[in-house]
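The chain is numbered in sequence order, starting from 1.
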Amino acid sequence: MSAEFSLRQQDYSLSEEQVALRDSFRAYFEKTIPTTRVRSAEPEGFDAALWDELQERAVVEMALPQSVGGDGAGLVELVLVLEEAGRRAAPVPLAEALAAARALARIDPSSPLLAAMRDRGAVVSLAPGAGDRRLAPAGAIAEAVLAPRGANLTLVTGPPTPPLPNLACAPLGWREVTGGARVGSADEWDLAEREWHVLTAAALVGLGQAALDLGVQYAKERTAFGTQIGAFQAIAHPLVDAANSVGAARRLVWRAAWFCDHEPESVGALALCAVLAAGDAAEQAGATAIHTQGGFGFTLESDVQLYYRRAKGWALAAGDRRSLLRRVAQWAPHALKDALA
């Protein structure tokens, strides 16, 4: 069987190149983003120096097709990178910026804004929703946003807005989307949003894995009644449940990414299901780790709260859960069944 179709056939093994990519970014993020750096980026939630460092690693070029001077990485490769960024709660807008860059490359390969993203690290984000005023992820640092308006996709440029205070310390900002230039149709928005959801889901999986790792580590080190607390079922079973949820979400994200790359006509509700599952898994892992640490887990001194707050906030930025579930429900039962088969 061709390795190209492995994810479609429920084989979630990675190629040697994919493993090397994942390990490279894991080592890089572990070295450069200690939790002290994450805390220092609060409350705005953006580390400009880290964003510049990622530009030196050509992270935007990696996500772009070779036809516009990029490295041609697929969404499967990008979700591996986003998961590693999520594991360190990286205070940079990777998911939305990469989704926007890929959208611009499809719509207008010669766009000066795309060149600015590639050459000087300009941030372009997405502004989902309806109405003239939208709460945009990275809206507080973006030079422009891509926004759906009726049957069109518009590009709205303008200075960043003041960040909106939020528990996740994400650079959310309100953006006016009136007066933008039409750059595409609603179909282009659907594709951009789909990729953003998959990339956000990957980052959420990383957050969940990091919180889970902290909970497991604490369960191994903390003792009570002369034994490690991880030996008690009340501690071990919730951690196992959280691990299962994170692992299942990871595979769903990989699968959605593969379909986006190879069979976009068959993606169906996979991207929506991926971001919903990843958000649930990350929040469950964070809550479980907090309870594992007991009273210490509820304090700001605990690193677990960094991941738990972002799990709730990043998932909400990707869309209100009820709205996303309604969108999943709009798919005909046979279409949803085929997408998950």
Chemist: Is the closest side-chain donor-acceptor distance between Tyr28 and Glu84 under 3.5 Å?
Modeler: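 Tyr28 vs Glu84: no donor-acceptor pair found between side chains.
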Chemist: Should the pair Glu143-Arg120 be classified as a salt bridge under the 4.0 Å nitrogen-to-oxygen rule?
Modeler: yes
Chemist: Are there more than 12 heavy atoms of other residues, nucleotides or ligands under 6.0 Å from atom CZ of Arg26?
Modeler: yes
Chemist: What I want to find out is whether Arg321 reaches Glu283 closely enough, with some N-O distance under 4.0 Å, to be called a salt bridge.
Modeler: no
Chemist: For salt bridge (Lys or Arg N to Asp or Glu O under 4.0 Å), just list the numbers for Arg22 and Glu17, CA-CA rounded to whole Å, side-chain angles, deciding distance to a tenth of an Å, and then say yes or no.
Modeler: CA-CA 9 Å; Arg22 181 195 63 190; Glu17 292 80 5; over 6 Å; no
Chemist: Hey, are Arg106 and Glu195 close enough for a salt bridge, meaning a charged N less than 4.0 Å from a carboxylate O?
Modeler: yes
Chemist: Donor-acceptor pair, distance only, cut-off 3.5 Å: does the side chain of Ser40 make one with the backbone of Arg37?
Modeler: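 It does hold such a pair.
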Chemist: Using a distance-only test with no angle check, is there a side-chain donor-acceptor pair under 3.5 angstrom linking Gln293 and Ser302?
Modeler: yes
Chemist: Test salt bridge (Lys or Arg N to Asp or Glu O under 4.0 Å) on Arg327 and Asp320; report intermediate values, then the result.
Modeler: CA-CA 11 Å; Arg327 290 174 60 181; Asp320 173 71; over 6 Å; no
Chemist: Relative to the ring of Phe25, is the ring of Phe29 parallel (under 30°), tilted (30 to 60°) or perpendicular (over 60°)?
Modeler: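 Because their plane-to-plane angle lies in the 30° to 60° range, the rings of Phe29 and Phe25 count as tilted.
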Chemist: What residue among Thr154, Asp132, Thr178 forms side chain to side chain donor-acceptor pair (under 3.5 Å) with Arg149?
Modeler: Asp132
Chemist: With a 4.0 Å cut-off on N to O distance, would you call Arg57 and Asp52 a salt bridge?
Modeler: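 The answer is no: the pair does not qualify as a salt bridge.
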Chemist: Should we count CD of Gln233 as having more than 12 external heavy atoms under 6.0 Å?
Modeler: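 Counting other residues, nucleotides and ligands, CD of Gln233 stays at 12 neighbours or fewer.
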Chemist: In plain terms, say whether Glu83 and Arg250 are close enough for a salt bridge, that is, a side-chain N and a carboxylate O under 4.0 Å apart.
Modeler: yes
Chemist: Is there a donor-acceptor contact under 3.5 Å linking the side chains of Arg326 and Ser323?
Modeler: yes
Chemist: Any chance the side chains of Ser245 and Gln284 put a donor and an acceptor closer than 3.5 Å?
Modeler: yes
Chemist: For the pair His291 and Phe298, name the ring-plane relationship: parallel under 30°, tilted 30 to 60°, perpendicular over 60°.
Modeler: perpendicular
Chemist: With a 4.5 Å limit on heavy-atom distance, are the side chains of His237 and Val240 in contact?
Modeler: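 The answer is no; the side chains never approach within 4.5 Å.
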Chemist: Could Glu193 and Arg102 be called an ion pair, given the rule that one side-chain N must be under 4.0 Å from one carboxylate O?
Modeler: no
Chemist: Could you tell me whether the side chains of Gln209 and Asp213 share a donor-acceptor contact shorter than 3.5 Å?
Modeler: yes
